[in-house]
Amino acid sequence: MTRTPVQADIGVCRQGGRNFTYTHESEKLYAMTTLLLKNIRCLATMDESRRELSDAWILARDRKIADLGVAGELPRDLQADRVIELSNHVVLPGLVNTHHHMFQCLTRALAQQSELFDWLQYLYPIWAGLRSEHVYTAAKLAMAELILAGCTTASDHHYIFPNDVQLEDEIRAAQEIGLRFHASRGAMSLGESDGGLPPDRLVEREQDILRDTQRLIETWHDPEPQSMLRIVVAPTSPFSVTVDLMRESAALARAYGVNLHTHLAENVKDISYSREHFGMDPGQYAEDVGWVGNDVWHAHCVQLKSREIELFARTGTGVCHCPSSNMRLASGIAPLRQMLDAGVNVGLGVDGSASNDSGHLLGEARQAMLLQRVLGDPAGLSAREALEMATLGGASVLGRDDIGRLAAGMSADIIAFRLDRMGLAGALHDPVAALVFCQPSAVDLSIINGRVIVEDGALRSVDAPSLVERHNRLSAQLLRGEG
C-alpha cells in the first residue's frame with residue numbers, strides 16, 4: 001500500500017507566556033480513503049439489536065463506517081485502499097474510558113494502606129512539584145496504556161495546576177498520539193484553612209478558574225460529530241470547591257453547551273462531609289447546585305442512596321463506575337445493579353493511575369462483573385453488560401452518539417483482539433464473553449477516527465521504550481522533590 005503522510009494542521013496557542021505548538025492530526029499517522037476489514041471471525045456490533053456476526057466485514061471510508069455485514073453481503077466489485085484479514089479475531093467498538101487522572105501515573109503504588117482522604121493528603125505535597133513536562137509525559141504514557149488496552153476515547157479529569165502546568169499539556173499529548181479526547185478542566189478552590197481538603201498552596205482563585213475554563217472552551221472545544229477534542233467543565237469534588245463555584249461552573253458549561261463532571265459520593269467520609277457542610281447527602285447536593293441532567297456525569301457514586309439513584313435515572317444524569325479504584329481505597333461496592341435496573345446511564349473508568357494502579361479498561365469491565373457477583377448473585381452482572389458499559393455506556397455518559405457501536409455512519413473507532421492467545425484458550429465457543437471472563441488482553445488492532453493506530457499489537461504513534469524511560473526518570477525526580 002502507498003501511504004500518504006497527513007498534512008498536519010499546525011498552529012500556535014500563546015498562553016501564560018508560553019507557546020503551545022499543536023497538530024490536529026499527528027504527522028506520524030497515515031491517511032487512507034477506504035479500509036476494509038474482512039473475514040472477521042466474530043463481530044460484536046453493540047448496535048441497537050446487539051448483533052454478533054460471524055465471518056463479517058466492515059468498510060470504513062475516511063473517518064466513518066460506511067457499511068458492514070456478513071460475507072455473502074460483501075459487494076464483489078468493492079475496492080479499498082487497504083484490506084485487513086481478521087479471521088482469527090474478535091472485533092468490537094473502541095472502548096470508552098470516562099474517568100481518569102493521567103498525571104497520577106507518575107506516583108503509582110504510594111500510600112498503599114490509605115483510604116481516599118488520607119491518600120489524597122499524602123499525595124498532595126508530591127503533586128505540588130508537577131510541571132508541564134511531567135503532565136505532558138504522564139498523559140502520553142497513560143494514553144498509550146489505554147490505547148493498547150482497547151480504548152479509543154478517553155476523558156481525563158485534570159484538577160491540579162501548580163507551577164507552569166496547563167491543560168494544553170494533555171491536549172498536546174492526545175493530538176500527537178491520536179486518541180479521541182475529552183479534556184476535563186478540574187479545579188480546587190477550597191483549601192484547608194477554609195475547611196476543604198487540599199492544602200492552600202494548591203488551590204486557585206475562583207475567578208481565575210472560571211476565566212481559564214472559558215478560554216479553554218473557546219480555544220479547543222469541538223462540538224461537531226466525529227470530534228477528536230472536547231472540553232469538560234469539572235470542579236474536582238464537593239470537598240475541594242465552594243458551592244458558588246459549583247453553581248457558576250454549571251452556568252458556564254450550559255452557556256457554551258459543554259458537559260459537566262465531578263466526583264460524588266465516593267466513600268463514607270465523602271458522605272459525612274456533605275452532611276456536615278451542606279446538610280444533605282451528595283446526590284441531593286448535586287441537585288441543589290444544578291449538577292443533574294443529561295449533560296452531567298459523576299465519578300464513583302459508591303455510596304449513592306436509592307432516592308439519589310432514582311433522581312439520576314429521572315434526570316438522565318450519568319455515572320462512571322471505577323471498580324478497581326474503589327476496591328484499592330476501600331471505598332465500597334457501588335450499587336451498580338440498582339443503577340442499571342433503574343435506567344441510569346453508566347460508563348466505566350480506570351480512575352487515577354495512583355489509585356488503581358492500572359489503565360486497562362477491559363480489566364475494569366472484568367472487575368465490574370466480578371465485584372457485583374461478590375454480593376451473592378452469580379448473575380449480578382453479565383460479561384456482555386460489562387462490555388456494554390465499556391462501549392455504549394461510556395459514549396452515553398460522555399454525551400456522544402457517534403461512538404460506542406459499530407454501524408453505518410458511526411465514527412470508525414474499531415478494535416480487534418487475537419483469539420489464539422494462551423489466556424483465551426478453551427473459551428473460543430464464546431469469544432465475546434471470553435474477553436471479560438478471561439485474562440484481560442492487549443489489543444492487536446486499533447483504528448481511531450479511521451486511522452490504524454495499533455497494528456500487530458504495536459502502537460504506531462509513539463516510541464514506547466523512550467516514553468517509558470522518560471516517564472520513569474521524571475517520576476523519580478518528582479518523588480525526590482526535584483521538580
Side-chain angles (χ1 to χ4, degrees), residues 11-16 18-26 28 96-108 127 129-147 151-188 202 204 209 212-222 227-236 258-259 261-262 299 320 349-354 356 359 361 398 448-449 453 459 461-462 467 470-471 474-475 478 483:
V12 176
C13 172
R14 185 166 179 82
Q15 178 67 20
R18 289 193 291 146
N19 287 334
F20 298 94
T21 302
Y22 57 91
T23 59
H24 287 292
E25 300 292 352
S26 171
K28 296 179 181 179
V96 181
N97 176 36
T98 61
H99 185 68
H100 208 323
H101 306 295
M102 294 179 176
F103 75 91
Q104 292 181 12
C105 287
L106 295 157
T107 54
R108 285 169 161 161
W127 295 338
L130 287 169
R131 293 192 176 274
S132 172
E133 185 181 11
H134 294 103
V135 174
Y136 163 75
T137 304
K140 185 170 270 193
L141 183 130
M143 292 170 186
E145 186 176 20
L146 287 170
I147 290 171
C151 282
T152 55
T153 300
S155 177
D156 189 65
H157 191 183
H158 189 82
Y159 57 82
I160 190 164
F161 294 88
N163 308 308
D164 60 345
V165 172
Q166 294 190 10
L167 200 62
E168 275 85 354
D169 299 324
E170 294 195 322
I171 291 171
R172 180 162 60 102
Q175 293 180 330
E176 289 175 357
I177 206 167
L179 181 72
R180 198 179 298 277
F181 192 46
H182 285 226
S184 298
R185 206 300 184 181
M188 300 190 297
L202 285 181
E204 301 173 87
I209 292 167
D212 189 54
T213 304
Q214 181 177 349
R215 176 191 69 81
L216 288 161
I217 296 169
E218 292 177 349
T219 305
W220 296 106
H221 183 70
D222 179 3
S227 165
M228 290 294 286
L229 178 61
R230 292 185 180 176
I231 301 297
V232 179
V233 179
T236 304
V258 303
N259 284 11
H261 180 53
T262 192
C320 171
V350 301
D351 199 17
S353 288
N356 184 320
L361 197 71
L398 294 185
I448 305 177
N449 204 36
I453 304 294
L459 182 58
S461 55
V462 72
L467 175 61
R470 182 184 183 195
H471 183 275
L474 289 170
S475 173
L478 184 67

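Remember, predicted model here, so these are calculated numbers, not experimental data.
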Closer than 3.5 angstrom, by distance alone: can the side chain of [X] be matched with the main-chain N or O of [Y] as a donor-acceptor pair?
X: S227; Y: D222; value: yes
X: N97; Y: V350; value: yes
X: T262; Y: A234; value: no
X: D164; Y: S132; value: yes
X: N259; Y: L398; value: yes

(request) Would you mind telling me which of D212, I231, V232 makes a side chain to side chain contact (heavy atoms under 4.5 Å, CB included) with I217? (result) I231
(message) Is there a side-chain contact (heavy atoms from CB on, under 4.5 Å) between L179 and I147? Walk through the geometry before answering.
(response) CA-CA 8 Å; L179 181 72; I147 290 171; 3.8 Å; yes
(request) Kindly determine whether L216 and H221 satisfy side-chain contact (heavy atoms from CB on, under 4.5 Å), including the steps that lead there. (result) CA-CA 7 Å; L216 288 161; H221 183 70; over 6 Å; no
(message) Between R185 and I209, is the side-chain contact (heavy atoms from CB on, under 4.5 Å) condition met? List the steps.
(response) CA-CA 9 Å; R185 206 300 184 181; I209 292 167; 4.1 Å; yes
Between [X] and [Y], which heavy-atom pair has the shortest distance, and what is it?
X: G186; Y: F161; answer: O-CE1, 3.5 Å
X: C320; Y: T98; answer: SG-OG1, 3.0 Å
X: W127; Y: T107; answer: NE1-OG1, 3.1 Å
X: I171; Y: A183; answer: CG1-CB, 4.2 Å
X: G129; Y: L478; answer: C-CD1, 3.6 Å
X: M102; Y: A154; answer: CE-CB, 4.3 Å

(message) Applying side chain to side chain donor-acceptor pair (under 3.5 Å), can you list everything that pairs with S184, at least two apart in sequence or on another chain?
(response) S155
(request) Please list, chain by chain and in numerical order, all residues satisfying side chain to side chain donor-acceptor pair (under 3.5 Å) with H157, sequence neighbours excluded. (result) none
Between atom [atom1] of [X] and atom [atom2] of [Y], what is the distance when rounded to the nearest 0.5 Å?
X: M228; Y: T153; atom1: CE; atom2: OG1; result: 7.5 Å
X: D156; Y: H100; atom1: CG; atom2: NE2; result: 6.5 Å
X: E170; Y: F181; atom1: CD; atom2: CZ; result: 4.5 Å
X: R470; Y: L141; atom1: CZ; atom2: CG; result: 11.0 Å
X: H134; Y: N163; atom1: NE2; atom2: CG; result: 9.0 Å
X: K140; Y: S461; atom1: NZ; atom2: OG; result: 8.0 Å

(request) Determine, stepwise, if the pair Y159 / F103 fulfils ring-ring contact (aromatic ring centres under 6.0 Å, His included). (result) CA-CA 10 Å; Y159 57 82; F103 75 91; 5.6 Å; yes
(request) List the steps and the verdict of side-chain contact (heavy atoms from CB on, under 4.5 Å) for Q166 and R215. (result) CA-CA 12 Å; Q166 294 190 10; R215 176 191 69 81; 3.9 Å; yes
